Amino acid sequence: MRAARLTSPAATPVGPGADPVVLVAHGSRDPRAADATRALAEAVSAARPGTPVWASWLDHTEPGPTEVLRDLAVAGHRRAVLVPLLLTAAYHHRVDIPAAVAAAGQAGPPLAVRVTAVLGPADGTVDPGLLAGLRRRLGEAQPGRFDALVLAAAGTRDARARRSVGRVADALGVEFGVPCRVAYASAAPPAAGVAVSRLRAAGARRVAVCAYFLAPGLFHDAVTEAARAAGAVAVAAPLTDAPELVGLVLRRVDDQPGGRGVTPAG
């Protein structure tokens, strides 16, 4: 992973190519998270030549999605696709992103914005690319043979969002043929260390941890420390700019029926 340097949308001339894509990440005080988002934006741009791709954040890092969308409108664009870099369709997807899009339409030229589904399970379906990316990162962690898995996520109080994480864990368990349990870094139990300990107490000798994170940061650091202290044989890195994640982002861009259309007034 390497950080990308992206110019301002307003400084980029409008061409005849595809509609611009705006990636929206949660944001973190940890600079590694922003670097990961920029690297993903660069990788998506490289995979889809001719499509302008911009990174934005809901918190902690600038620019925000409202600013990017306004700059695109001022630059002469009339349409944009916004992809939430989120693994669950919880509060940020339901509230923060629609609010940012609406705010962009309150001033300046009109811009029609199509908001796609999140990167996690859409309509109950786990994208094979998401599983492949998790499998890649687990392989890079080199756990060797393991007889149980923990899928460690950031955490949410939204029960529906937690069920979507459970679907990913179930799919991973089927793929590897081992039990796979969910753990959370915040907001919901169990913690990663507790999940690892429970699996070991149930007879698992080698427990590996898949990181259900898009970027590094304090949550992933805490999961790694707790899981290793509980006896995990390996903890995978976040997905960051894995090729499979790039493919998933582009499928969201192309999958118009799966998105939510929002057209702010100019």
Side-chain angles (χ1 to χ4, degrees), residues 9 19-30 33-34 36-37 40-41 53-73 79-108 110-127 130 153-168 182 184-189 212-215 217-220 238-239 245 248-249 251-253 255-266:
D19 295 336
V21 172
V22 181
L23 307 182
V24 185
H26 179 281
S28 170
R29 292 183 178 87
D30 192 316
T37 303
L40 177 59
V53 180
W54 311 105
S56 66
W57 295 265
L58 292 171
D59 201 4
H60 301 300
T61 304
E62 294 182 349
T66 297
E67 178 184 347
V68 173
L69 292 172
R70 284 176 175 168
D71 284 351
L72 287 170
R79 295 178 305 276
V81 182
L82 186 150
V83 182
L85 299 183
L86 303 170
L87 291 170
T88 60
Y91 185 87
H92 296 301
H93 185 250
R94 295 196 317 269
V95 178
D96 290 340
I97 287 177
V101 173
Q106 290 175 359
L111 181 72
V113 182
R114 177 168 58 84
V115 181
T116 77
V118 298
L119 302 182
D123 300 325
T125 303
V126 182
D127 190 282
L130 179 60
T156 174
R157 294 182 177 86
D158 188 309
R160 183 168 52 183
R162 292 197 301 272
R163 286 194 294 271
S164 78
V165 178
R167 291 189 192 98
V168 178
V182 174
Y184 297 103
S186 68
Y212 199 48
F213 294 90
L214 295 177
L218 297 179
F219 278 170
H220 183 260
L239 288 163
L245 188 64
L248 174 53
V249 169
R251 280 191 293 282
R252 291 292 187 257
V253 170
D255 185 18
Q256 294 196 30
R260 292 179 2 194
V262 181
T263 306

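Numbers here are sequence positions counted from 1. These figures come from a predicted structure and were not determined experimentally.
Distance NE2/His93 to OG1/Thr116: 6.5 Å, rounded to 0.5 Å.
Every residue meeting the side chain to side chain donor-acceptor pair (under 3.5 Å) condition with Arg79, not counting sequence neighbours, appears here in chain and number order: Asp19. Remark: Phe219 engages no residue in a ring-ring contact (aromatic ring centres under 6.0 Å, His included) (not counting sequence neighbours). By the side chain to side chain contact (heavy atoms under 4.5 Å, CB included) test, Asp158 pairs with Ala90, Arg94, Thr156, Arg160, Ala161, sequence neighbours left out. Residues satisfying the salt bridge (Lys or Arg N to Asp or Glu O under 4.0 Å) test with Asp30, not counting sequence neighbours, are Arg32. With sequence neighbours excluded, the residues that form a side chain to side chain contact (heavy atoms under 4.5 Å, CB included) with Ser164 are Thr88, Pro121, Arg167. Shown here are the side chain to side chain contact (heavy atoms under 4.5 Å, CB included) partners of Ala73, two or more places apart in sequence or in another chain: Pro109, Leu111.
Each of Val113, Val101, Val24, Asp96 was evaluated against Pro65; a single residue qualifies, Val24, per the side chain to side chain contact (heavy atoms under 4.5 Å, CB included) test. For the side chain to side chain contact (heavy atoms under 4.5 Å, CB included) test with Val22, the passing option among Val115, Val81, Leu72, Val83 is Leu72; the others fail. Exactly one of Leu85, Leu86, Asp127 qualifies for a side chain to side chain contact (heavy atoms under 4.5 Å, CB included) with Leu119. That residue is Leu85.
In this structure, Leu23 and Val53 have side chains that are in contact, with non-hydrogen atoms separated by less than 4.5 Å. Proximity of Leu214 to Pro238: side-chain heavy atoms (C-beta onward) are nowhere separated by under 4.5 Å.
The minimum heavy-atom distance linking Tyr212 with Leu130 is given by the pair OH-CD2, 3.7 Å.
In this structure, the side chain of Thr61 does not engage the main chain of Gly27 through any donor-acceptor pair within 3.5 Å. With hydrogens and angles disregarded, a donor-acceptor distance shorter than 3.5 Å links the side chain of Arg114 to the backbone of Val253. Of the possible donor and acceptor atoms, one in the side chain of Ser186 sits under 3.5 Å from a partner among the backbone N and O of Ala154.
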